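The structure under discussion appears below in the form of structure tokens.
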Number of protein chains: 2
Amino acid sequence: MTPTRRDRLLVHLTADLVILTIRAGVLHVLLVERGTVPFLGRWALPGGFLRGAETLDGTAVRELREETGLDAERFHLEQVGVYSAPDRDPRDQRIVTCSYLAIAPDLPVPTAGSDARAAVWRPVDELLDDPEGLAFDHGRILRDAVDQARAKLQFTTIATSFCPPEFTVSELREVFEAVWGVSLDRPNFHRKVTDAEGFLAPTGRRRASAGGRPAALFRAGSATALMPPMLRPPGGSGR
Amino acid sequence: MTPTRRDRLLVHLTADLVILTIRAGVLHVLLVERGTVPFLGRWALPGGFLRGAETLDGTAVRELREETGLDAERFHLEQVGVYSAPDRDPRDQRIVTCSYLAIAPDLPVPTAGSDARAAVWRPVDELLDDPEGLAFDHGRILRDAVDQARAKLQFTTIATSFCPPEFTVSELREVFEAVWGVSLDRPNFHRKVTDAEGFLAPTGRRRASAGGRPAALFRAGSATALMPPMLRPPGGSGR
DNA sequence: GCAAAAGTGTTTTAGCTACACCCATGT
DNA sequence: ACATGGGTGTAGCTAAAACACTTTTGC
């Protein structure tokens, strides 16, 4: 019963990324086409192996930069879970994956990664309806990450991570509506987010309007918890 | 820039457990005395290495059973985070740890693990004030897990995991008071938890009373989300 | 002026807080 | 009877929902 050194399995570790963004009011995730077996040619979450000198968070940041071609500073990035079933990779090699939820504003160059692989934004809802559509157990990993994003939107300030550095209240409302698949009352939403301490920081500037009163521009505030929480209304697409 | 197989670091994986319970109204965590270098003789979180045929969740369940001597069925168990800094183990070996939050009722045999190591319940608050008191980065791991437990108490039904299979409303209230370090209004708490859909399931039975009206006994309900949430009042010990 | 989008006010409702009060049991 | 803890009622306050209304821009 005493453990010996032989009991210590050696494994490869990967950081796989669920990079979410909102395009045209719909929640999208970044997928890459696999260039090697197994699952050659199938769509998968981007990710990569832990290397010698880095932490796993560092692996995630590096992959994020390689896949999107942009600074990782602009992204919210957090761990979601560890996937370690022995049969999750069809080769018998033992590969354990830690998944990361990354939240990005709508990117100017959304699909061109710095490496050669094809990358594409896909609507999340289609993928959640088809769990076998992705390589490995990435359907499950995607679902877990999206669930976490939907839940955390209520109690944390991660919604601002979907927005560019400066944004309007309406743009922020569209984030909640897209992620939850609901529609929210515009006036009440405005009051609630502007009243929440530390959620939004006014810039004093206004957005040039295309017909209509110009909207005030905000930056993300310093708070990480959203108090009082923005409770998700019943109904909607997710959950 | 193309990754080669040599970039794939091989690591050992451990599941380390933050086992929380409430004893005499105070939040406690289970610690074990280390029997080997490094940190020989120091207090640490229980944990163990991933073995060949199991998942990491399986490792956590196995360790939980070995440390507490009880069935893992009665515990809430969830992943918290992955700790992968290259220097977190003083030997240069690369050991990556996934931490688990386990929530247990006050155990009849709290300290006797099935293996030879000394185990002890320690109040959480003392340990959080002294981050160097534990081996490795276990002070940090403990803090992250306790923060997660304190936050999730608001929005999920994990509080019932601190209670025995059948429990009274007052026992449940003492859980919230101990974890948050606050005191809650007894009548309002009663209404709130009994009104929350799926939180408590009445058994019809009553607890034999030691002076006073016998309290109704409940079991944990089927819901995992607590709606409406039990918002943590300002003040208290944690956070 | 008119359309469009932003932002504010107002009424109603629901939930929460504080605390008084009643209930059921042991001694 | 009375002490002890369990449970309910209620008045006042605060937050949220629903929706009417005003403001500021482009055309």
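Since the structure is predicted, the reported quantities are computational estimates derived from the model, not experimental observations. Below, all heavy atoms of this structure are taken into account, side chains as well, without hydrogens, waters or symmetry copies.
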- Position toward the 5' end of DNA chain D (nearest nucleotide), A/P214 or B/F218: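 By nearest-heavy-atom nucleotide position, the 5'-most residue is B/F218.
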
In plain terms, say whether [X] and [Y] are close enough for a salt bridge, that is, a side-chain N and a carboxylate O under 4.0 Å apart.
| X | Y | value |
| --- | --- | --- |
| B/R42 | B/E33 | no |
| B/D125 | B/R150 | yes |
| B/K152 | B/E78 | yes |

- Task: State which of C/dA18, D/dA18, D/dG9 makes the closest approach to the side chain of B/P187.
- Result: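 Looking only at side-chain atoms, B/P187 lies closest to D/dG9.
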
Over how many whole Å does the gap from [X] atom [atom1] to [N] atom [atom2] extend?
| X | N | atom1 | atom2 | value |
| --- | --- | --- | --- | --- |
| B/R232 | C/dT17 | CZ | P | 15 Å |
| A/D185 | C/dT13 | CG | C1' | 15 Å |
| A/L231 | C/dG15 | CG | C1' | 12 Å |
| A/R213 | D/dT22 | CZ | C1' | 8 Å |
| A/L184 | D/dA17 | CG | C1' | 12 Å |
| A/N188 | D/dA20 | CG | C1' | 12 Å |
| A/E171 | C/dG7 | CD | P | 11 Å |
| A/R205 | C/dA6 | CZ | C1' | 18 Å |

- Message: With a cut-off of less than 4.0 Å, is there a side-chain N or O of B/H190 near OP1 or OP2 of D/dT8?
- Response: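 The answer is yes; a side-chain N or O of B/H190 sits under 4.0 Å from OP1 or OP2.
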
- At under 4.0 Å, does any side-chain N or O of B/K192 touch on OP1 or OP2 of C/dG15?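 No.
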
- With no angle test and no hydrogens, is the base of C/dG7 tied to the side chain of A/R186 by a donor-acceptor pair under 3.5 Å?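 Answer yes: a donor N or O sits under 3.5 Å from an acceptor.
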
- Please evaluate the base of D/dG9 for a donor-acceptor partner in the side chain of B/R191 within a cut-off of under 3.5 Å?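 Check passes, donor-acceptor contact within cut-off.
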
- Mind telling me whether B/W180 and B/F176 have parallel, tilted or perpendicular rings, with 30° and 60° as the class edges?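 Rings of B/F176 and B/W180: perpendicular, as their planes differ by over 60°.
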
- What does B/S170 touch in the nucleic acid at a heavy-atom separation under 4.0 angstrom: a base, only the sugar-phosphate, or nothing?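 Sugar-phosphate contact only - B/S170 comes under 4.0 Å of backbone atoms but never of a base.
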
- Message: Determine whether A/Y83 and A/D16 satisfy the following criterion, side chain to side chain donor-acceptor pair (under 3.5 Å), listing intermediate values before the conclusion.
- Response: CA-CA 10 Å; A/Y83 299 82; A/D16 285 2; over 6 Å; no

- Item | Residue mapping more 5' on DNA chain C - nearest nucleotide basis, B/P228 or B/G211 |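 On the 5' side of the pair lies B/P228.
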
